[in-house]
Novice: 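Here it is: the structure, laid out below.
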Amino acid sequence: MSRLALRGIHRRFGPRGRQATALDGVDLTVEAGATVALVGESGSGKTTLARIAVGLERPDAGTVTLDGAALADARGRVGRAARAAVQMVFQDPLASFNPARTVGAAIALPLALHLGLPRAAQAARAAELLVAVGLDPALGGRRPRALSGGELQRAAIARALASAPRILVCDEPVASLDVSVRAQVLNLLARLRAGHGTGLLFVSHDLGVVARIADRTAVMYLGRIVEEGPGGAILAAPRHPYTAALAAAVPDARIPWRERPRAAAAGGEMPGPFAIPAGCRFRPRCPRAIPACAATDPALVEVAPGWRVACIRAGEDSVPPPVAKPP
C-alpha cells in the first residue's frame, strides 16, 4: 500500500532578515485509497505544502517520502519513477496546459516520458483516458482554450492519470467550476479512489465538499496544522477554535444571518507570514484565548484516537459550529 509522508516540513521565502514563514514544522500522511483534505484561509500554506508533496518545491527542512524512500535526491531532483507515482491537478487548468499543444498531445506526453509507449499507442491511450473522465475523445484534437472550464479540468485529471499515479494531489480542483460540473469532477475523483486505490491530497476552501469526500481533514493556520481528525467530524464538532471559526463561516440557509451565533467567530484578519504572533499564533483572533495562550506555542496532541489538536484548551468540550434551530 502506497504512503506519502511529509515530516517536519519548513519553508520560508524572502531574503535573510525579512523572511516569510510559509510552513513551520508540518507533518502529514496520505495513504493509498484514502482522501486527506487540507483546509484553511488563503495564505495558510496549503498550496506550498501541496507543491512540496509532488516535488515542485524543495523544503528548507524536513523530509518527503513515498513508501519509505525519499521523493527527491539531495539536490532536490525527483526521479522519473517518483514523478510518475505522485501527480498534481492544479487549481487553474488553463494555466497548467501548454497553449501550443493539443489536449491530446498534453495527455500523451507523460505516456511517452513515464511509460515509453510508441506514438500510436500514446494516441489510443490518451483517447481512453479522455473517455474515462467523461469526455469525448475528439476533444483531444483541440487546443486548451477551445474547452470549457469543466472539460479542461477533467482533461487535467486525465493527464495526471496517464502515468498511473499512486498519489494524486489536487489543489482547489473544483474552485472555479459551476455546481453541476463540480459534482461531476468530485464523483470522478471518488471513482478513481475506489477503483484504483489512488490516494488523494485534496486542498480546498469549500468545507461542504470536504465534509463530503474526506476520510481525514487537516486544518492549517499560518503555516501549521492546528487540528487533524476524521473526515467531516472535526467540522461538525471542532476541538480547535480556528476550526470552529471556519465551520461557523459556512453559509447555512436554515439560519437567518442575523440569528447566527457569534461565539465561534474569529475576530480580525489572519496576520501575514512576516508577523506571526508569539505564543499561540491564533491567539489574537481567538474568542476563547486566555493569558496563558500568549506564553505557550501549543504542539499537536492527541485528544481522541486519530484526532490531534494544537490548543492548550483542547481537553475542554468541543466548540460546535452553528446548527439549525429545531422545527
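For the single chain, residues carry numbers from 1 onward in sequence order.
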Novice: Is there a side-chain contact between R83 and V54 in this structure, where contact means two heavy atoms from C-beta onward sitting under 4.5 Å apart?
Specialist: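 When only atoms from C-beta onward are counted, V54 and R83 do not touch, as no gap falls below 4.5 Å.
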Novice: Can you list the steps and then say if S42 with H205 is a side chain to side chain donor-acceptor pair (under 3.5 Å)?
Specialist: CA-CA 8 Å; S42 295; H205 284 92; 3.2 Å; yes
Novice: May I ask you to test the R142-L147 pair for a side-chain heavy-atom distance under 4.5 Å?
Specialist: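 Yes; the side chains approach each other to less than 4.5 Å.
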Novice: Would you call D171 and K46 a salt bridge, taking side-chain N to carboxylate O under 4.0 Å as the test?
Specialist: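 Result for this pair is no, no salt bridge flagged.
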Novice: Please check if the side chain of R7 supplies one atom and the backbone of V64 the other of a donor-acceptor pair under 3.5 Å.
Specialist: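 Answer holds: no.
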Novice: With a 4.5 Å cut-off on side-chain heavy atoms, are Y221 and E227 touching?
Specialist: no
Novice: Looking at R308 and E302, is any side-chain nitrogen of the basic one under 4.0 Å from a carboxylate oxygen of the acidic one?
Specialist: no
Novice: Does a side-chain N-to-carboxylate-O contact under 4.0 Å join R224 and D297?
Specialist: yes
Novice: Would a 4.5 Å heavy-atom cut-off, applied to side chains only, mark I167 and R3 as touching?
Specialist: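 A side-chain contact is absent here, since even the closest heavy-atom pair is not under 4.5 Å.
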Novice: In Å and rounded to the nearest 0.5 Å, what is the CG to CD1 distance from D24 to I276?
Specialist: 6.0 Å
Novice: Identify whether NZ of Lys or CZ of Arg in R101 sits under 6.0 Å from the centre of the six-membered ring of F97 and within 45° of that ring's axis.
Specialist: no
Novice: Would a hydrophobic clustering, with Ile, Leu, Val, Met, Phe, Trp and Tyr connected at side-chain separations under 4.5 Å, put L152 with L129?
Specialist: yes
Novice: Any Lys/Arg nitrogen of R125 or E128 sitting under 4.0 Å from an Asp/Glu carboxylate oxygen of the other?
Specialist: yes
Novice: Is R285 paired with E41 through a side-chain N to carboxylate O contact shorter than 4.0 Å?
Specialist: yes
Novice: Roughly how far, to the nearest 0.5 Å, is the CG atom of L222 from the OG1 atom of T21?
Specialist: 9.0 Å
Novice: Give the C-alpha distance, both sets of side-chain angles, the deciding distance and a yes or no for side chain to side chain donor-acceptor pair (under 3.5 Å) between R159 and S96.
Specialist: CA-CA 11 Å; R159 179 182 57 184; S96 71; 3.0 Å; yes
Novice: Any heavy-atom pair between the side chains of I234 and V219 that's under 4.5 Å?
Specialist: yes
